[in-house]
Amino acid sequence: MDTQPAVARGETLMEPEELLEIAYDVGRDYHRWRPRLSEADGEGNWLPLFRTGLFGVWALGWECLPPGAAYLDHERLRGAVYVARGALTHERARLGDAPRTEEVGAGLGFCFDETFYHRMHPVREAGPTVTVHVFAPAGPEETPGGEEGPWPPLWLGLP
């Protein structure tokens, strides 16, 4: 069995739309993995669900995160977010333009490439918010060091 990450073996990089399909598939299966997320602190956890050398999937419960998150820079990553429960206010910024804000409710998601800058906040009136995040390297040189390597949650400063 080859233990090198897939992109290091010369396999095709995943496109953001492919990552969104994975996020939707995992998010729609919310009731299956939800108990793992809620075991520790209600629904305020950052839980790795699946990782390979090609991509990683995490679930995030927003109840215990502080408000006012800064913009996230996805310079070395492609990814997708699916809202499994509740709703997010999603604000995307582009250099030289006013930020664009939208609400993303349960059952919806979005994807992004390595040029993406955004920030997200739970919509408190929507109740507890749980999201699925899928990340993949933007190029072979960005591939994390194996299955236990430095994956995006650590790069982004999330718990």
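All values reported here derive from a predicted model rather than from experimental measurement. Residue numbers count from 1 along this sequence.
Looking only at side-chain heavy atoms (C-beta outward), W33 and V57 stay at 4.5 Å or farther from each other. Using a 4.5 Å heavy-atom cutoff, the side chains of I22 and F55 are in contact. Annotation: side chain of W62 is in contact with side chain of M120 (closest heavy-atom distance under 4.5 Å). Using a 4.5 Å cut-off on side-chain heavy atoms (C-beta onward), P16 and D113 make contact. Looking only at side-chain heavy atoms (C-beta outward), E102 and V104 come within less than 4.5 Å of each other. In this structure, the side chains of V81 and V132 stay at 4.5 Å or more apart for every pair of heavy atoms.
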- Task: Mind running side-chain contact (heavy atoms from CB on, under 4.5 Å) on L54 and M14 for me, showing each step along the way?
- Result: CA-CA 8 Å; L54 190 56; M14 296 189 75; 3.6 Å; yes
- Task: Verify side-chain contact (heavy atoms from CB on, under 4.5 Å) between F50 and W58, making sure each step is shown before the conclusion.
- Result: CA-CA 7 Å; F50 180 78; W58 289 265; over 6 Å; no
- Please step through salt bridge (charged side-chain N to carboxylate O under 4.0 Å, His left out) for the pair R78 and E114, ending with a clear verdict. CA-CA 5 Å; R78 296 174 175 184; E114 56 275 15; 3.0 Å; yes
- Query: Between V134 and V26, is a side-chain contact (heavy atoms from CB on, under 4.5 Å) present by the stated rule, with each step listed?
  - Reply: CA-CA 10 Å; V134 181; V26 173; 5.8 Å; no
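Considering only residues two or more places apart in sequence or on other chains, Y24 meets the ring-ring contact (aromatic ring centres under 6.0 Å, His included) condition with Y82.
Under a 3.5 Å cut-off, the side chain of T129 and the backbone N or O of A87 do form a donor-acceptor pair. With hydrogens and angles ignored, the 3.5 Å screen pairs a side-chain donor or acceptor of E18 with a backbone N or O of E15. Looking at R36, its side chain does come within 3.5 Å of a backbone N or O of P48 through a donor-acceptor pair.
The NE2 atom of H133 sits 11.5 Å away from atom CG of L47, with the distance rounded to the nearest 0.5 Å. Note that CD of E103 is 13.5 Å distant from CD of E91, once rounded to the nearest 0.5 Å. Within the model, atoms CZ of R119 and CG of L88 stand 13.5 Å from one another, a figure rounded to the nearest 0.5 Å.
The hydrophobic cluster containing L108 does not contain V123, counting ILVMFWY residues as joined when their side-chain heavy atoms lie under 4.5 angstrom apart, directly or transitively.
Ring-plane geometry between F110 and F112 is classed as tilted, the angle between the planes lying from 30 to 60 degrees on a 0 to 90 degree scale. Using a 30° and 60° split on the angle between ring planes, H118 and H90 fall in the perpendicular class, above 60°.
Looking at every heavy atom in both residues, C111 comes nearest to L20 through CB-CB, 4.0 Å. Taking each heavy atom of A84 and G27 in turn, the nearest pair found is CB-O, 3.9 Å.
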